[in-house]
Number of protein chains: 2
Amino acid sequence: MLADPSRAAMVLALMDGRSRSAKKLALDAGITAQTASAHLRKLVNANLLVWQGRGRCKYFSLAGSEVAQAVEALSELGVKQIPAAARDLRFARCCYDHLAGRLGVALTERLLQPRNTVLRELGIDLTALESSRRPLFRCCTDWTERRPHVAGALGAALLRRYKDERWLVAVEDSRKLVVTPAGKSAFAHRFALGPGFFTQE
Amino acid sequence: MLADPSRAAMVLALMDGRSRSAKKLALDAGITAQTASAHLRKLVNANLLVWQGRGRCKYFSLAGSEVAQAVEALSELGVKQIPAAARDLRFARCCYDHLAGRLGVALTERLLQPRNTVLRELGIDLTALESSRRPLFRCCTDWTERRPHVAGALGAALLRRYKDERWLVAVEDSRKLVVTPAGKSAFAHRFALGPGFFTQE
DNA sequence: GGAACACTTCGACCGCCGTCGAACTGTTTG
DNA sequence: CAAACAGTTCGACGGCGGTCGAAGTGTTCC
């Protein structure tokens with residue numbers, strides 16, 4: 001299902017967790033609307049995508065975090081073949097609804113250190129997240145770093161907070177995330193990242 | 001690459017981490033030797049498999065843990081479609097070189113509990129593992145349980161120990177693992193698994 | 001109402017690729 | 001050396017599926 005180039009392009013375009021119209025997906029994948037329509041129907045039937053109609057448009061998005069995770073795992077296999085295209089995404093990107101890339105891995109490691117109080121300081125309410133239906137903590141192996149980053153309800157809550165604080169901003173039509181100056185200082189301070197961390201970006 | 005049924009069958013057959021000859025893989029996949037030869041060459045070129053010649057035979061095995069991880073992530077997407085075939089593997093199975101399934105997830109959770117001394121009692125030397133080139137701890141999301149189990153160097157060391165102790169034995173030609181009576185008692189005792197855990201198997 | 005637009009259905013085309021039979025290379029065994 | 005066997009190469013076949021043009025449905029907006 002993911003093996004077809006056109007379908008793969010459409011799924012990759014949705015890897016930032018946002019939704020897009022059929023037309024836009026068709027254009028980005030370089031195929032006509034009819035062909036895209038057939039592909040999208042297959043992807044929905046295979047439970048990879050879901051859609052929601054608004055007016056005369058159909059907006060598609062990933063069916064869930066598992067889909068993003070599978071795509072990340074597959075990307076890891078092909079990472080040698082596509083070094084150029086991937087370079088942009090290595091430092092910080094969305095993986096569905098949470099943060100991935102070098103920054104995501106680094107923050108995860110800091111979070112896992114014992115006796116850290118970052119979560120509390122960020123105002124993340126663990127008990128509330130624990131009561132949600134969704135698993136609190138999932139690891140998602142990073143295809144650029146080959147080390148885990150935080151997914152699940154906690155991962156989504158963290159990324160939302162980073163964006164709310166404007167430490168990270170999303171790049172239009174891309175999974176890429178850029179760190180604002182305020183973000184650099186906040187991450188460096190709260191997560192004890194060394195001074196050289198952001199200069200290697 | 002994994003989309004072709006014959007190639008998928010061969011890769012799945014190797015998911016237990018062992019190696020098999022081209023002929024055996026061809027037979028299991030239900031194709032002729034010529035066809036298998038072409039597929040195997042492609043899989044090797046794509047860095048999914050590696051091989052090693054012994055005499056007139058070529059023995060193939062997975063190229064690494066990432067491959068197993070990607071296959072597991074993909075299996076999760078299709079888990080609704082193949083409930084029958086998967087039933088056998090749900091409780092305990094190999095995922096390349098480490099333990100997966102309900103048992104793998106349960107043991108992982110016990111290991112992650114703070115202040116646990118199971119690792120030390122099992123004689124697993126963390127400092128030695130940490131110095132190895134391979135990442136110590138990797139999460140691998142379980143496609144049957146949708147929760148993480150331990151992969152990486154630690155996961156491999158644990159499974160090796162379980163097998164050495166004969167708590168788990170591998171089933172011929174399958175990823176399935178069966179728990180011995182000694183294993184049931186050892187796991188229940190050391191990992192504080194409830195009395196009902198093994199009866200639901 | 002009518003034009004513009006998003007999406008779908010249908011049908012036809014075409015090319016890629018999985019498949020096998022036949023024949024070939026190289027190794028093992030007696 | 002001959003026979004058996006693992007694996008490979010070549011060539012031919014066949015079908016699945018991705019592709020688009022044309023035409024159809026439904027919605028929005030003036």
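Keep in mind that what you see is a predicted model, and the values were worked out from it rather than measured. In what follows, every heavy atom counts, from backbone to side chain, and hydrogens, waters and symmetry copies are set aside. Order of the sequence lines fixes the chain letters, A, B, ..., with proteins taken first and strands second; residue numbering starts at 1 for each chain.
Contact detail for A:His39 and A:Ile31: the closest heavy-atom pair is CD2-CD1, 4.0 Å.
Counting heavy atoms from C-beta outward, A:Met10 and A:Leu49 have side chains that stay 4.5 Å or more apart. Proximity of B:Glu72 to B:Arg93: side-chain heavy atoms (C-beta onward) are separated by under 4.5 Å at one or more points. Side-chain contact check for B:Leu99 versus B:Leu168: some heavy-atom pair is nearer than 4.5 Å. The shortest side-chain heavy-atom distance between A:Leu177 and A:Val171 does not fall under the 4.5 Å cut-off.
B:Leu49 has its CG atom 16 Å from the C1' atom of D:dG7, to the nearest Å. The OH atom of B:Tyr59 sits 13 Å away from the C1' atom of C:dT27 (whole-angstrom rounding). As a whole-Å value, the separation of A:Lys23 NZ from C:dA4 C1' is 11 Å. In this structure, B:Leu2 atom CG and C:dG18 atom C1' are separated by 16 Å, rounded to whole Å. What separates CG of B:Leu27 from P of C:dT19 is a distance of 15 Å, to the nearest Å. As rounded to whole Å, 16 Å separates atom P of C:dA6 from atom CD1 of A:Ile31. Distance NZ (A:Lys24) to P (C:dC7): 12 Å, rounded to an integer number of Å. Regarding B:Asn45, its CG atom lies at a distance of 14 Å from the P atom of C:dC17, rounded to whole Å.
Proximity of a side-chain donor or acceptor of A:Thr180 to a complementary backbone N or O of A:Arg166 within less than 3.5 Å is detected. At least one donor-acceptor pair under 3.5 Å links the side chain of A:Ser75 to the backbone N or O of A:Val71.
A cation-pi arrangement is found for A:Arg54 relative to A:Tyr59, the charged atom lying closer than 6.0 Å to the ring centre and inside a 45° cone about the ring normal.
To the nearest 0.5 Å, the span separating CG on B:Asp16 from CZ on B:Arg175 amounts to 8.5 Å.
For A:Phe91 and A:Phe197, the ring centers are positioned less than 6.0 Å apart. Between B:Phe187 and B:Tyr162, a ring centre-to-centre spacing shorter than 6.0 Å is recorded.
Taking every side-chain heavy atom of A:Thr32 into account, D:dG21 is the closest of C:dC7, D:dG7, D:dG21.
From one end of the helix from C:dG1-D:dC30 to C:dG30-D:dC1 to the other, with five pairs defining each end axis, the axis direction shifts by 30° (rounded to 10°).
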Under-3.5 Å N/O pairs linking protein and nucleotides 8-13 of chain C:
unit_1, atom_1, unit_2, atom_2, d
C:dT8, OP1, A:Lys58, NZ, 2.6
C:dT8, OP2, A:Ser37, OG, 2.6
C:dT8, O5', A:Ser37, OG, 3.3

Pick out the pairs of N or O atoms, protein on one side and nucleotides 16-18 of chain D on the other, that lie under 3.5 Å.
unit_1, atom_1, unit_2, atom_2, d
D:dG18, OP1, A:Arg7, NH1, 3.3
D:dG18, OP1, A:Arg7, NH2, 3.0
D:dG18, OP2, A:Lys42, NZ, 2.6

